[in-house]
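Reading through the structure tokens given below for one structure.
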Amino acid sequence: MSWPSWEIGRALGIPILIHSSWFLVFFLVTWSLATGVLPEELPGLEAGRYWGMGGVAAVLMFLSVLLHELGHSYVAQRYRIPIERITLFLFGGVATMRKEPPHPRAEFLIAVAGPVVSFVLAAVCLALLFLAESAPADAQPHGLMVLGFVLAQVNMTLGLFNLIPGYPLDGGRILRAGFWAWSKDFHRATSHAALFGMGFGVLFMMAGVVIVYEALVGDRAGSMAGGVWIIVIGSFLVGTATASRRQAAIRQSLAAIPVQNMMVRTVVSIPSTLSLDEAVNQYFMPYGYGGFPVVDEGRVVGLLDVDDVQSVSQALWPWRLVAQVMRPMSPALAIAPDAPALHALERMTQEGVDRLVVLQDEQLVGLLTHSAVAHFLQLRKS
């Protein structure tokens with residue numbers, strides 16, 4: 001079962017989501033600061049103040065992660081790459097791009113933007129810390145100074161960690177940009193960079209196991225949590241890198257397969273003059289499809305899917321026509337039968353649809369859906 005996420009706002013026009021796992025990390029970071037770092041640096045305070053300061057520090061840490069991702073997103077938007085969302089989750093944050101960078105230089109600049117933001121934030125925190133230390137001892141804001149030092153460490157660590165040359169980390173994307181420029185093959189470059197990511201993930205897991213072992217043998221329970229966390233990060237890197245490598249192989253094969261090899265050839269279309277109530281009872285319910293091309297006098301005029309129908313109150317279905325609710329036909333919703341299947345999938349992602357009309361000489365010859373692509377790949381795999 002997938003864990004839910006909640007939108008908490010927008011930045012640069014991008015939805016900002018918090019994943020359920022974020023609350024676990026928020027608690028662990030707050031607890032670690034409130035029971036360890038802060039009492040050591042600021043002895044003599046009440047427990048409630050430690051927890052309050054720890055919570056503020058945890059929020060600022062995740063704000064640093066958000067700014068890191070916004071650095072990536074800002075540069076991506078400069079290259080007209082839509083950002084679907086930024087999600088804060090267990091391992092930090094991720095900006096979801098709706099298409100790949102147009103060339104290696106763009107990939108490099110997008111990847112390096114995040115660490116640059118982190119290093120700038122670390123430098124700002126250290127500069128403010130230096131200014132605070134220059135004040136008289138009795139006027140120094142010791143609590144803010146400790147908080148600034150922690151944030152400087154977090155941002156420096158965030159920047160350096162992300163520069164590890166293993167995909168999907170930023171350093172791995174920089175490495176992919178180099179492989180891409182050298183090989184002129186984006187998918188092969190992704191596969192090579194992901195291989196490095198798998199290698200670094202294994203190294204992290206091995207290092208974590210060693211730390212846990214030494215903690216058990218040496219009776220150092222405090223370091224065991226760090227070792228376990230390193231193992232978790234390593235397994236995450238291995239898993240995501242393996243999935244990225246597998247996806248790169250699939251996308252490379254789809255680049256050589258035309259749409260006509262996997263499209264649905266027997267297409268059921270809906271007249272534009274039907275009411276939504278008739279469309280549901282005569283088409284969606286009997287056929288069980290997620291959407292249909294809309295045809296008017298032999299010409300495809302749009303697409304109607306389940307989401308379009310559900311956007312209208314059921315009480316209005318008898319009085320609302322398909323033509324009023326459908327997504328009007330446009331070049332972005334059509335694909336030629338000889339076009340690479342990969343281009344069709346990229347277009348579906350960009351347009352936020354799960355099907356494209358296949359047209360030849362303006363005539364409907366097929367329908368390409370995500371499920372048809374998945375079925376084709378499953379048959380080839382077997």
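More than 12 heavy atoms of other residues, nucleotides or ligands lie within 6.0 Å of CZ in R251, so this atom counts as buried by the packing criterion. For F186, the CZ atom counts as densely surrounded, since its 6.0 Å shell holds more than 12 non-hydrogen atoms of other residues, nucleotides or ligands. Atom NE2 of H370 has more than 12 neighbouring heavy atoms from other residues, nucleotides or ligands inside a 6.0 Å radius.
Smallest separation of non-hydrogen atoms from S64 and L158: O-CD2, 4.3 Å. Nearest heavy-atom pair, E69 versus I86, reported as atom, atom and distance to 0.1 Å: CB-CG2, 3.9 Å. Considering all non-hydrogen atoms of both residues, N162 and P115 come closest at CB-CG, 4.4 Å. The two residues A11 and I16 come nearest to each other via the heavy atoms N-CG1, 4.1 Å. The nearest pair of heavy atoms linking A113 to G71 is CB-O, 3.4 Å. Minimum interatomic distance between V117 and L67 (heavy atoms only, all atoms of both residues): CG1-O, 3.5 Å.
At least one donor-acceptor pair closer than 3.5 Å links the side chain of Q77 to the backbone N or O of L12. Of the possible donor and acceptor atoms, none in the side chain of N281 sits under 3.5 Å from a partner among the backbone N and O of E278. In this structure a side-chain-to-backbone donor-acceptor pair under 3.5 Å is missing from S191 to H187. Side chain of E7 to main chain of P15: no donor-acceptor pair is present (N/O by atom type, distance under 3.5 Å, no hydrogens or angles). Under the 3.5 Å distance criterion, the side-chain polar atoms of H19 are left unmatched by any main-chain donor or acceptor of W22.
Residues F284 and Y287 keep their aromatic ring centres 6.0 Å or farther apart. You'll find the ring centres of Y79 and Y74 outside the 6.0 Å limit.
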Steps toward side-chain contact (heavy atoms from CB on, under 4.5 Å) verdict (V295, I270): CA-CA 6 Å; V295 175; I270 292 181; over 6 Å; no

Residue pair M263, L367: steps toward the side-chain contact (heavy atoms from CB on, under 4.5 Å) verdict: CA-CA 5 Å; M263 69 182 184; L367 192 69; over 6 Å; no

Criterion side-chain contact (heavy atoms from CB on, under 4.5 Å) on V280 and W317, from CA distance to verdict: CA-CA 9 Å; V280 169; W317 286 0; 3.9 Å; yes

Audit row: M61, L151, side-chain contact (heavy atoms from CB on, under 4.5 Å) steps and yes/no: CA-CA 7 Å; M61 287 180 186; L151 289 176; 4.1 Å; yes

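Between the CG atom of L160 and the CZ atom of F119 there is a distance of 4.0 Å, given to the nearest 0.5 Å. Taken to the nearest 0.5 Å, the CG atom of L321 stands 7.0 Å off from the OG atom of S275. Atoms CD1 and CD1, from I14 and I83 in turn, are 5.5 Å apart once rounded to the nearest 0.5 Å. Expressed to the nearest 0.5 Å, how far CG of L66 lies from CG of L88 amounts to 5.5 Å. We find the CD-CD distance between Q260 and Q360 to be 7.5 Å, quoted to the nearest 0.5 Å. Taking CZ from R10 and CG from L17, the interatomic distance works out to 9.5 Å, rounded to the nearest 0.5 Å.
Hydrophobic cluster membership is shared by L368 and M329, with clusters built from Ile, Leu, Val, Met, Phe, Trp and Tyr side chains linked at under 4.5 angstrom. The cluster map of Ile, Leu, Val, Met, Phe, Trp and Tyr, joined by side-chain heavy atoms under 4.5 Å apart, puts Y50 and W31 in the same cluster. Follow the hydrophobic side-chain contacts under 4.5 Å out from L195 and you never reach M206; the two are in separate clusters. Note on V112 and V94: same hydrophobic cluster, where clusters join Ile, Leu, Val, Met, Phe, Trp and Tyr whose side-chain heavy atoms are under 4.5 Å apart, directly or indirectly. In the hydrophobic clustering of this structure, I164 does not group with M198; members are Ile, Leu, Val, Met, Phe, Trp, Tyr whose side-chain heavy atoms approach within less than 4.5 Å, directly or through other members.
Using a 4.5 Å cut-off on side-chain heavy atoms (C-beta onward), F204 and I231 make no contact. Two residues are said to be in side-chain contact when any heavy atoms from C-beta on lie closer than 4.5 Å; R105 and P101 fail this criterion. In this structure, the side chains of F292 and L303 stay at 4.5 Å or more apart for every pair of heavy atoms. The closest side-chain heavy-atom distance from L254 to M262 is below 4.5 Å. Side-chain contact between Y289 and T369 is absent, with no heavy-atom pair separated by less than 4.5 Å. Side-chain contact between P102 and I81 is present, with at least one heavy-atom pair separated by less than 4.5 Å. A 4.5 Å side-chain heavy-atom check between C125 and V154 finds every atom pair outside the cut-off. Considering only heavy atoms from C-beta on, V309 stays 4.5 Å or farther from D305 through its side chain.
For the 3.5 Å distance criterion, the side chains of S183 and R188 fail to qualify, holding no donor opposite an acceptor. Side chains of N155 and H68: a donor-acceptor N/O pair is absent below 3.5 angstrom, by distance only.
With sequence neighbours excluded, no residue forms a salt bridge (Lys or Arg N to Asp or Glu O under 4.0 Å) with E84.
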Check residues 173-181 and write down every donor-acceptor pair under 3.5 Å in which the side-chain atom is one partner and the other belongs to a residue at least two apart or another chain.
from : atom 1 : to   : atom 2 : distance (Å)
R173 : NE     : E107 : OE2    : 3.3
R173 : NH2    : E107 : OE1    : 2.8
R176 : NE     : E107 : OE2    : 2.8
R176 : NH1    : Y167 : OH     : 3.4
R176 : NH1    : T190 : OG1    : 3.0
R176 : NH2    : E107 : OE2    : 2.7

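The side-chain contact (heavy atoms from CB on, under 4.5 Å) with I230 is formed by just one residue from the set L203, I211, V210, V209; it is I211.
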